[in-house]
2 protein chains.
Amino acid sequence: MVGMMTPATRMTAEERRADVLRVAVAQFAKHGYQGTSTEDVARAAGISQPYLFKMFPTKKTLFLALVQHGFARVREAFVEAVGDAAGDEALERMGEAYGELLRDRDELLLQMQAYAACDDPEIGATTRREFGRLWREVAAISGVDDERLQQFFAMGMLMNVLAAMDAQSHPSQWVKACIPPAWLAAPRSATG
Amino acid sequence: MVGMMTPATRMTAEERRADVLRVAVAQFAKHGYQGTSTEDVARAAGISQPYLFKMFPTKKTLFLALVQHGFARVREAFVEAVGDAAGDEALERMGEAYGELLRDRDELLLQMQAYAACDDPEIGATTRREFGRLWREVAAISGVDDERLQQFFAMGMLMNVLAAMDAQSHPSQWVKACIPPAWLAAPRSATG
DNA sequence: CAAGGTAGTGAGTCATCACTCACTATGGTT
DNA sequence: AACCATAGTGAGTGATGACTCACTACCTTG
């Protein structure tokens, strides 16, 4: 009764959980798995740290939930964007959709943090599994060959890295060269 | 004089520093900037933690030195590999050289950790600067156009991510599809 | 051999972190 | 109105982390 923090407006556990997930992305995206404290996440979500641990038994559980959620969002965005297209056109639309996702850098940065934390067995396993699902899904939807798939994903990874470096906010000579206007489209000419 | 640790065989500061740098790469590559403790690095290098701080005034200084050193190694490897080639052939040789570097996953993983830690202003600035230098150097040496350069770097980033996920040690359907055979076993040939 | 610079350390300090325990407040149901 | 499941918290705890201070051992040079 004394200095008790106003118990953040009461929500159902589900609502609160969704809230936490939404807010936690930003933290983990910026500071990484090890660099983010559960205290920070709790504060950002407007709840106490002990309650965070009631929803997610460990910090890792929370992080893994975020990773799965993030990859799932990418898959959903791809499915929706492609519609009934196929082949190169499907790839192109997925590329555009990925560009849209870039609006919210946090989602992509979280992916980077997941890759970077793969030394941890559980994080590694989850990340590989999710990456594999995404790969297979893109393969199935587009139906293009492996070389093209590879180019598609390679471009995605480059965008992730550029996002991580926040290249867009630090313009310089090379940035203009490596973020061309056509950065959304799949490469038109095959290597050769 | 009681339980004093055998003072690791005496070296010049330079030798020791080089030793530390060599050993520290593995630690930071695996566990990231935040996930690596100076204690771990010191132990791995066979010196006491206070002495580590005499050579590198802060943990960040050490990490930044590693990042610069890593990028420099890539640049040197590229220059050496290209020889007097130019254009697409130069790119191809650099690609092979990058494959060689992949032998030692740690170097590439450290790059990933640098990208992931870019939220820190100093790390971000250094990483962008080094990436930019690499980009310009590859551009200058090869002389190819931006689109091709972009594809080259994109493929490199995909390799980095696959290395981070340790895809090669966790074979599955998609791994075979996304790892270019030439990079899987790069016995320094196949200039075709 | 005396002296001093330098390689190297033991034993802290203070902050932070993941996680816990015991507790309180709230609202829907009977 | 009384009950109770569940949302939510204050105040820890033991471990660990970056970094410091005061010190010791070693080697080179005059």
Side-chain angles (χ1 to χ4, degrees), chain A residues 1-24 27-28 30-66 113 117 119-123, chain B residues 1-24 27-28 30-66 113 117 119-123:
Chain A
M1 177 88 182
V2 243
M4 192 179 266
M5 209 181 193
T6 337
T9 51
R10 211 153 176 202
M11 289 186 188
T12 75
E14 275 177 56
E15 284 172 328
R16 189 62 83 182
R17 192 187 152 97
D19 228 44
V20 168
L21 283 174
R22 191 168 47 71
V23 161
Q27 306 287 320
F28 281 106
K30 272 197 256 297
H31 311 115
Y33 174 62
Q34 306 264 11
T36 303
S37 76
T38 57
E39 181 74 45
D40 288 343
V41 173
R43 197 188 345 269
I47 60 170
S48 69
Q49 196 223 24
Y51 192 40
L52 182 64
F53 276 88
K54 284 222 168 124
M55 286 184 270
F56 301 92
T58 64
K59 182 186 178 182
K60 201 184 285 181
T61 309
L62 168 58
F63 186 72
L64 292 178
L66 289 172
Q113 300 294 357
D119 176 69
D120 177 281
E122 293 175 77
I123 296 177
Chain B
M1 112 179 264
V2 245
M4 193 181 264
M5 209 179 196
T6 338
T9 52
R10 214 159 170 187
M11 289 185 189
T12 75
E14 274 176 57
E15 285 173 327
R16 189 62 86 182
R17 193 187 153 97
D19 228 45
V20 168
L21 283 174
R22 192 169 46 71
V23 161
Q27 305 286 321
F28 281 106
K30 273 198 254 299
H31 311 115
Y33 174 63
Q34 305 263 10
T36 302
S37 75
T38 57
E39 181 74 44
D40 289 343
V41 173
R43 197 189 344 268
I47 60 170
S48 70
Q49 196 224 23
Y51 192 39
L52 183 64
F53 276 89
K54 284 220 170 124
M55 287 185 270
F56 302 92
T58 63
K59 181 185 178 184
K60 202 184 285 182
T61 310
L62 169 57
F63 187 72
L64 292 178
L66 289 172
Q113 299 295 356
D119 176 69
D120 176 281
E122 294 175 76
I123 296 177

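Computed from a predicted model, the values in this text were never measured in an experiment. Proteins get letters first, then strands, A, B, ... in listed order; numbering begins at 1 in each.
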Take the angle between the ring planes of A:Phe63 and A:Tyr33 and call it parallel below 30°, perpendicular above 60°, tilted in between.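 A:Phe63 vs A:Tyr33 ring planes: tilted.
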
From [options], nucleotide with atom closest to [X] side chain:
X       : options              : result
B:Arg16 : C:dT9, C:dG8, C:dC21 : C:dG8
A:Ile47 : C:dG8, D:dT9, D:dG8  : D:dT9
B:Phe53 : D:dT9, D:dG8, D:dA18 : D:dA18

Expressed in angstrom and rounded to an integer, what is the separation of [X] atom [atom1] from [N] atom [atom2]?
X       : N      : atom1 : atom2 : value
A:Glu14 : D:dG8  : CD    : P     : 13 Å
A:Phe28 : C:dA18 : CZ    : C1'   : 11 Å
B:Met11 : D:dC26 : CE    : C1'   : 15 Å
A:Phe56 : C:dC17 : CZ    : C1'   : 19 Å
A:Asp40 : C:dA15 : CG    : P     : 17 Å
B:Gln34 : C:dT16 : CD    : C1'   : 12 Å

Pick base, sugar-phosphate or nothing for A:Thr36, based on heavy-atom distances below 4.0 Å to the nucleic acid.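 Sugar-phosphate contact only - A:Thr36 comes under 4.0 Å of backbone atoms but never of a base.
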
With nearest nucleotide decided by heavy atoms, which residue, B:Met55 or B:Gln49, maps closer to the 5′ end of DNA chain C?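 Looking at the nearest nucleotide for each, B:Met55 comes out on the 5' side.
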
A:Pro50 or B:Leu52: which one's nearest nucleotide on DNA chain C is closer to the 5' end?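 Nearest nucleotide further toward 5': that of B:Leu52.
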
Would you say B:Thr38 places a side-chain N or O within less than 4.0 Å of OP1 or OP2 belonging to D:dG17?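 So the side chain of B:Thr38 is outside the cut-off, no N or O lying under 4.0 Å from OP1 or OP2 of D:dG17.
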
When you check the phosphate oxygens OP1 and OP2 of D:dG8, does a side-chain N or O of A:Ser48 lie under 4.0 Å from one of them?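 Checking D:dG8 against A:Ser48, no side-chain N or O comes under 4.0 Å of OP1 or OP2.
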
[X] and [Y]: which non-hydrogen atoms are nearest, and at how many Å?
X       : Y        : answer
B:Phe56 : B:Val20  : CE1-CG1, 3.9 Å
B:Leu62 : B:Leu52  : CD2-CD1, 4.4 Å
A:Lys30 : B:Asp119 : O-CB, 3.2 Å
B:Thr58 : B:Phe53  : CA-CE2, 4.3 Å

Hey, is the main chain of B:Lys59 close enough, under 3.5 Å, to the side chain of B:Thr38 for a donor-acceptor pair?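 Between the backbone of B:Lys59 and the side chain of B:Thr38 there is no qualifying donor-acceptor contact (under 3.5 Å).
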
What protein N or O atoms touch nucleotides 2-6 of chain D N or O atoms at under 3.5 angstrom, if any, and at what distances?
unit_1: D:dT6; atom_1: O2; unit_2: A:Arg10; atom_2: NH2; d: 2.7

With a 4.5 Å limit on heavy-atom distance, are the side chains of [X] and [Y] in contact?
X       : Y        : value
A:Ile47 : A:Met55  : yes
A:Val41 : A:Val23  : no
A:Lys60 : A:Asp120 : yes

Distance from B:Gln113 atom CD to A:Gln113 atom CD, nearest 0.5 Å?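 Rounded to the nearest 0.5 Å, the CD-CD separation comes out at 8.5 Å.
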
Quick test: give all pairs of protein nitrogen or oxygen and nucleotides 28-30 of chain C nitrogen or oxygen below 3.5 Å, distance rounded to 0.1 Å.
none

B:Lys54 or B:Thr58, whichever maps to the more 5' nucleotide of DNA chain D: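 With B:Lys54 and B:Thr58 compared, the 5'-side residue is B:Thr58.
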
